[in-house]
Engineer: 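Please read through the structure below; I'll follow up with questions.
Computation of the quantities below employed the complete heavy-atom set of this structure, encompassing side-chain atoms and omitting hydrogens, waters and symmetry-equivalent molecules. We number each residue from 1, following the sequence as shown. If you're wondering where the values come from, they're calculated on a predicted model, not measured in any experiment.
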Amino acid sequence: QLQLVESGGGSVQPGGSLRLSCVASGFKIDYLVMGWFRQAPGKEREGVSCISRSGTVTTHTDSAKGRFTISRDNAKNTADLQITSLEPEDTGVYFCAAKPMGLIHHCSLSDDYMYWGQGIQVTVSS
């Protein structure tokens with residue numbers, strides 16, 4: 001059974017940066033699309049970034065474009081999310097997620113991911 005564990009969250013001032021890491025165990029991520037989702041207080045969970053199996057295709061929600069960078073290292077079984085220019089609106093619980101995908105150059109931010117981490121808190125406040 002695939003397990004996903006996030007790390008790197010915390011409290012940051014507006015304008016700061018964070019790097020969230022997701023370590024997978026129990027299964028190689030080579031055959032999986034990896035995604036990061038966010039649930040802000042009082043809001044539904046939303047997809048923010050995903051990366052294809054190949055690592056060559058990424059997709060970001062509009063608010064993440066230009067500030068979020070998703071990457072993966074299949075050898076290390078990890079998927080990271082680098083966030084810069086953090087805004088208070090980025091506050092929330094961030095989840096790493098994964099799903100099997102036959103296509104190697106495709107990912108989507110739909111909520112139909114099969115595997116989920118427990119989430120990690122990111123708070124952006126002055």
Side-chain angles (χ1 to χ4, degrees):
Q1 181 73 12
L2 180 70
Q3 290 187 325
L4 303 172
V5 178
E6 303 96 339
S7 64
S11 295
V12 189
Q13 292 187 339
S17 301
L18 274 179
R19 188 176 185 89
L20 305 181
S21 293
C22 174
V23 178
S25 61
F27 195 80
K28 292 293 294 179
I29 67 169
D30 302 54
Y31 301 99
L32 304 175
V33 165
M34 303 299 295
W36 281 92
F37 290 72
R38 171 176 69 197
Q39 187 163 22
K43 295 187 178 180
E44 293 187 354
R45 186 171 61 194
E46 64 169 341
V48 294
S49 298
C50 66
I51 186 167
S52 64
R53 286 175 50 194
S54 64
T56 60
V57 174
T58 60
T59 299
H60 303 278
T61 192
D62 286 346
S63 64
K65 291 177 181 177
R67 301 188 300 119
F68 288 35
T69 303
I70 187 170
S71 60
R72 66 188 293 157
D73 187 331
N74 288 352
K76 295 182 179 179
N77 238 29
T78 60
D80 292 353
L81 184 69
Q82 178 74 40
I83 311 173
T84 61
S85 301
L86 278 156
E87 304 169 351
E89 293 72 23
D90 295 320
T91 294
V93 179
Y94 284 71
F95 298 88
C96 176
K99 64 179 176 181
M101 173 65 69
L103 302 173
I104 63 172
H105 301 304
H106 177 77
C107 77
S108 72
L109 295 176
S110 57
D111 204 40
D112 61 344
Y113 280 62
M114 183 176 296
Y115 305 101
W116 294 85
Q118 290 190 332
I120 192 163
Q121 179 70 41
V122 172
T123 302
V124 184
S125 174
S126 56

Engineer: Do Ile29 and Met114 land in one hydrophobic cluster if side-chain heavy atoms of ILVMFWY residues count as linked below 4.5 Å?
Structural biologist: yes
Engineer: Carefully, step by step, assess Val48 and Ile83 under the rule side chain to side chain contact (heavy atoms under 4.5 Å, CB included).
Structural biologist: CA-CA 11 Å; Val48 294; Ile83 311 173; over 6 Å; no
Engineer: Donor-acceptor pairs under 3.5 angstrom involving side-chain atoms of residues 117-126: please list them, not counting sequence neighbours.
Structural biologist:
{"residue": "Gln121", "atom": "NE2", "partner": "Thr123", "partner atom": "OG1", "Å": "3.2"}

Engineer: Looking at CD of Glu46 and CZ of Arg38, how far apart are the two atoms once the value is rounded to the nearest 0.5 Å?
Structural biologist: 4.5 Å
Engineer: About how many Å separate CD1 of Ile104 and OG1 of Thr56, when rounded to the nearest 0.5 Å?
Structural biologist: 7.0 Å
Engineer: Checking Ser54 against His105 for the side chain to side chain donor-acceptor pair (under 3.5 Å) test, could you report, in this order, the C-alpha distance in whole Å, the side-chain angles of both residues, the deciding distance, and whether it holds?
Structural biologist: CA-CA 6 Å; Ser54 64; His105 301 304; 2.8 Å; yes
Engineer: With ILVMFWY side chains joined below 4.5 Å, transitively, what does Met101's cluster contain besides itself?
Structural biologist: Val33, Phe37, Val93, Phe95, Leu103, Tyr113, Trp116
Engineer: Can you give me the closest heavy-atom contact between Phe68 and Asp90, atom names plus distance?
Structural biologist: CZ-OD1, 3.8 Å
Engineer: Do you know the tightest heavy-atom contact between Arg67 and Ser85?
Structural biologist: NH1-O, 3.1 Å
Engineer: Using every non-hydrogen atom in the two residues, find where Phe27 and Asn77 come nearest and quote the distance to one decimal.
Structural biologist: O-ND2, 2.9 Å
Engineer: So, taking the atom named SG in Cys50 and the one named CH2 in Trp36, what distance separates them when rounded to the nearest 0.5 Å?
Structural biologist: 13.5 Å
Engineer: How long is the span from the CG atom in Leu18 to the CD atom in Gln82, to the nearest 0.5 Å?
Structural biologist: 8.0 Å
Engineer: Show me the pairs that pass side-chain hydrogen bond (donor to acceptor under 3.5 Å, both in side chains) and involve residues 21-33, at least two apart or across chains.
Structural biologist: Ser21-Asp80
Engineer: For Val57, which fellow cluster members are found when Ile, Leu, Val, Met, Phe, Trp and Tyr are connected by side-chain heavy-atom distances below 4.5 angstrom, either directly or through intermediates?
Structural biologist: none
Engineer: So which heavy atom on Arg72 is nearest to which on Met34, and how close?
Structural biologist: NH1-CG, 3.7 Å
Engineer: If the condition is salt bridge (Lys or Arg N to Asp or Glu O under 4.0 Å), which residues does Asp73 pass it with, not counting sequence neighbours?
Structural biologist: none
Engineer: Tell me the side-chain hydrogen bond (donor to acceptor under 3.5 Å, both in side chains) pairs involving residues 3-14, sequence neighbours left out?
Structural biologist: none
Engineer: Could you state whether Leu4 and Leu109 fall into the same hydrophobic cluster, counting links through intermediate Ile, Leu, Val, Met, Phe, Trp or Tyr residues with side-chain heavy atoms under 4.5 angstrom apart?
Structural biologist: no
Engineer: Looking only at heavy atoms, which two atoms of Lys99 and Ser110 are closest? And how far apart?
Structural biologist: NZ-OG, 3.4 Å
Engineer: Which atom pair, heavy atoms only, marks the closest approach of Ile51 to Cys107?
Structural biologist: N-SG, 3.6 Å
Engineer: With side chain to side chain donor-acceptor pair (under 3.5 Å) as the test, would you mind laying out the steps for His60 and Ser49 before giving the verdict?
Structural biologist: CA-CA 4 Å; His60 303 278; Ser49 298; 2.7 Å; yes
